[in-house]
Amino acid sequence: MFRAVTTRSWSNWQFAVRYHAYPGPRLSPRDFTPLELRARGYQKSTHGRADVPPLAFAFDIDGVLLRGPNTIPAARRALAMLEGANPTGRKIPYILLTNGGGTSEQARCQKLTDQLGFKIDLHQFVQSHTILKSVVHRYTDSPVLVLGGRNDDVRKVAEGYGFKQAYTTLDVLAWNPAVWPFHDLTPSERESTKTVDFSKTPISAIFVFHDPRNWALDIQIICDVILSRGIIGAPQGTRLSNYGRRPPDLIFCNPDVLWGSDFPRPRLGQGAFRIAFQAVYKTLTGSEYYDVQYGKPTEATYRFVKQVLKDRFKDLYGDAAVRLPNIYMVGDNPESDIAGANAAGWSSVLVHTGVYDPQQGPPAHEPTHQARDVEEAVKWAIERELSKRY
Ligand code: G3P
Ligand code: MG
């Protein structure tokens, strides 16, 4: 079988991918095109350490590698190429960069490893709220509200980051059901709550970690916290100034209005929740409330990710990794993946397996290239970089 399918073209790659999956006789130089041989040539470096590969990847998750709970088949083939089944015969570094979240990085990496069939390491994974690790020192001992996800999942994530007093809107509802009379706590929600007297607990900040499950409850409580300067249920408006409490900070981790799941059409995301909150708040007060936005395409998130990539390259290539090679962001959402990558000076590839539908016309942000799926995107990028060099 091995010899029969060898041809001097792209299929060589598919062949290599399959070969990687099924161990057999070692590949010999005859099995590769001159480009591949030259590309393999570059692995011998004078520093004794592997030369830095000519490119690296940042992969979005929803709509690129996964659709809801389902793994997109092209994803495994794409990662197999980066694990060595490519003309260089070498691993090409990649990270996963998602606006998703709601569980710890460890738990998500384990789940992704199972779903994708390749080990996803903590150092190659960034989710929407990972960046909060860099701001937690400002709120360590202060009471904060954490929103999104199921029950108290995001409280556990926040505590893992170092927040010592992280409360949920379900804790608030358990404290006083009258705060929102239209939702009765389910048994699992009640079980996840902590007993707190919010009339004596000044909330200094509200962090929206992940997509809220109960928009109405969460919007009510964010308004209560802000309009009472942190003490839920306390008098509202100007009479507060003499309490000397700072206006609470409001931080969102994911600006996506739409995202690609296993439903045929994109679904509303955390960005839509933020718009709904600001619309209500503006109706109540006449203006929107100042908030901080993290997540793709924000500059803060891409700056944070650049450092993650630099650290990863240092781990992999030591001193040889003085400069990052060309980074290829592969995403399904022009507003977050492509806009952010373009602004970061990276190359960007827009795939058609998620939010963006080419039938709907040109994308709002022009990518470097468009591809049917992540496998095609990876092939195109590798060939592009190798043809630049050889
Ligand atoms: O909630 C997640 C969604 O907004 C998008 O996730 O992986 O496409 O950045 P991702
Ligand atoms: Mg996506």
Side-chain angles (χ1 to χ4, degrees), residues 57-72 74-75 78-79 94-103 105 107-109 111-112 115-116 120 124-132 147-150 153-154 157 207-213 215 218 252-276 293-298 300-302 304-305 308 328-342 344 346 348-358 360 363-365 367 370-374 377:
F57 288 86
F59 292 113
D60 172 49
I61 296 180
D62 291 307
V64 173
L65 304 177
L66 305 177
R67 279 194 69 111
N70 312 317
T71 304
I72 295 175
L79 297 188
Y94 61 92
I95 64 164
L96 303 192
L97 171 55
T98 177
N99 272 350
T103 58
E105 281 73 14
R108 190 75 201 274
C109 284
K111 190 162 178 213
L112 286 163
Q115 290 172 303
L116 297 169
I120 303 300
Q124 61 184 144
F125 177 70
V126 176
Q127 57 185 346
S128 61
H129 41 73
T130 308
I131 193 169
L132 297 183
L147 277 65
R150 277 177 221 294
D153 288 355
V154 293
V157 178
F207 292 90
V208 185
F209 272 65
H210 191 33
D211 302 23
R213 290 331 189 237
W215 284 29
D218 290 1
F252 290 91
C253 294
N254 169 8
D256 288 350
V257 172
L258 294 173
W259 65 290
S261 77
D262 49 341
F263 190 77
R265 301 296 314 144
R267 302 294 77 192
L268 293 176
Q270 190 185 130
F273 169 79
R274 176 185 169 278
I275 292 166
Q293 181 70 72
Y294 291 128
K296 300 172 290 183
T298 66
T301 286
Y302 276 86
F304 181 83
V305 173
V308 169
Y328 284 79
M329 174 82 210
V330 181
D332 70 308
N333 189 329
E335 305 289 346
S336 56
D337 306 312
I338 306 306
N342 293 355
W346 297 0
S348 56
V349 186
L350 179 60
V351 296
H352 302 166
T353 46
V355 169
Y356 175 66
D357 172 0
Q360 312 266 324
H365 299 273
Q370 290 196 33
R372 186 187 52 225
D373 58 32
V374 63

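Just follow the structure's listing: the first ligand is 1, and inside any ligand the first atom is 1. All residue numbers refer to positions in the sequence shown, counting from 1.
- Residue Asn333 places no heavy atom under 4.0 Å from ligand 1.
- Between Leu97 and ligand 1, a contact under 3.5 Å exists for no N or O pair.
- Nearest protein heavy-atom neighbour of atom 6 (O) of ligand 1: Asp62 OD2, 3.0 Å.
- For the pair Phe125 and Ile61, the minimum side-chain heavy-atom distance is below 4.5 Å.
- For Asp332, the N/O/S atom at the shortest distance from the Mg ion (ligand 2) is named OD1.
- In this structure, a donor-acceptor pair under 3.5 Å is absent between the side chains of Asp373 and Thr353.
- In terms of distance to the Mg ion (ligand 2), the nearest N, O or S atom of Asp60 is named OD2.
- Of all the heavy atoms of Asn254, the ones lying under 4.0 Å from any atom of ligand 1 belong exclusively to the side chain.
- Summary of contacts: the protein heavy atom closest to atom 3 (C) of ligand 1 is Trp259 CB, 3.4 Å.
- At the shortest separation from atom 5 (C) of ligand 1 among protein heavy atoms lies Asp256 OD2, 3.3 Å.
- Residue contact annotation: Asp337 places no N/O/S atom under 2.8 Å from the Mg ion (ligand 2).
- At least one N, O or S atom of Asp62 sits under 2.8 Å from the Mg ion (ligand 2).
- Atom 7 (O) of ligand 1 has its closest protein heavy atom at Thr98 OG1, 2.5 Å.
- Heavy-atom distances between Lys296 and ligand 1 reach below 4.0 Å in at least one pair.
- Closest protein heavy atom to atom 8 (O) of ligand 1: Asp60 OD1, 2.8 Å.
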Under the side-chain contact (heavy atoms from CB on, under 4.5 Å) rule, what do Val208 and Gln270 come out as? Steps first, then yes or no, please.
CA-CA 8 Å; Val208 185; Gln270 190 185 130; 3.5 Å; yes
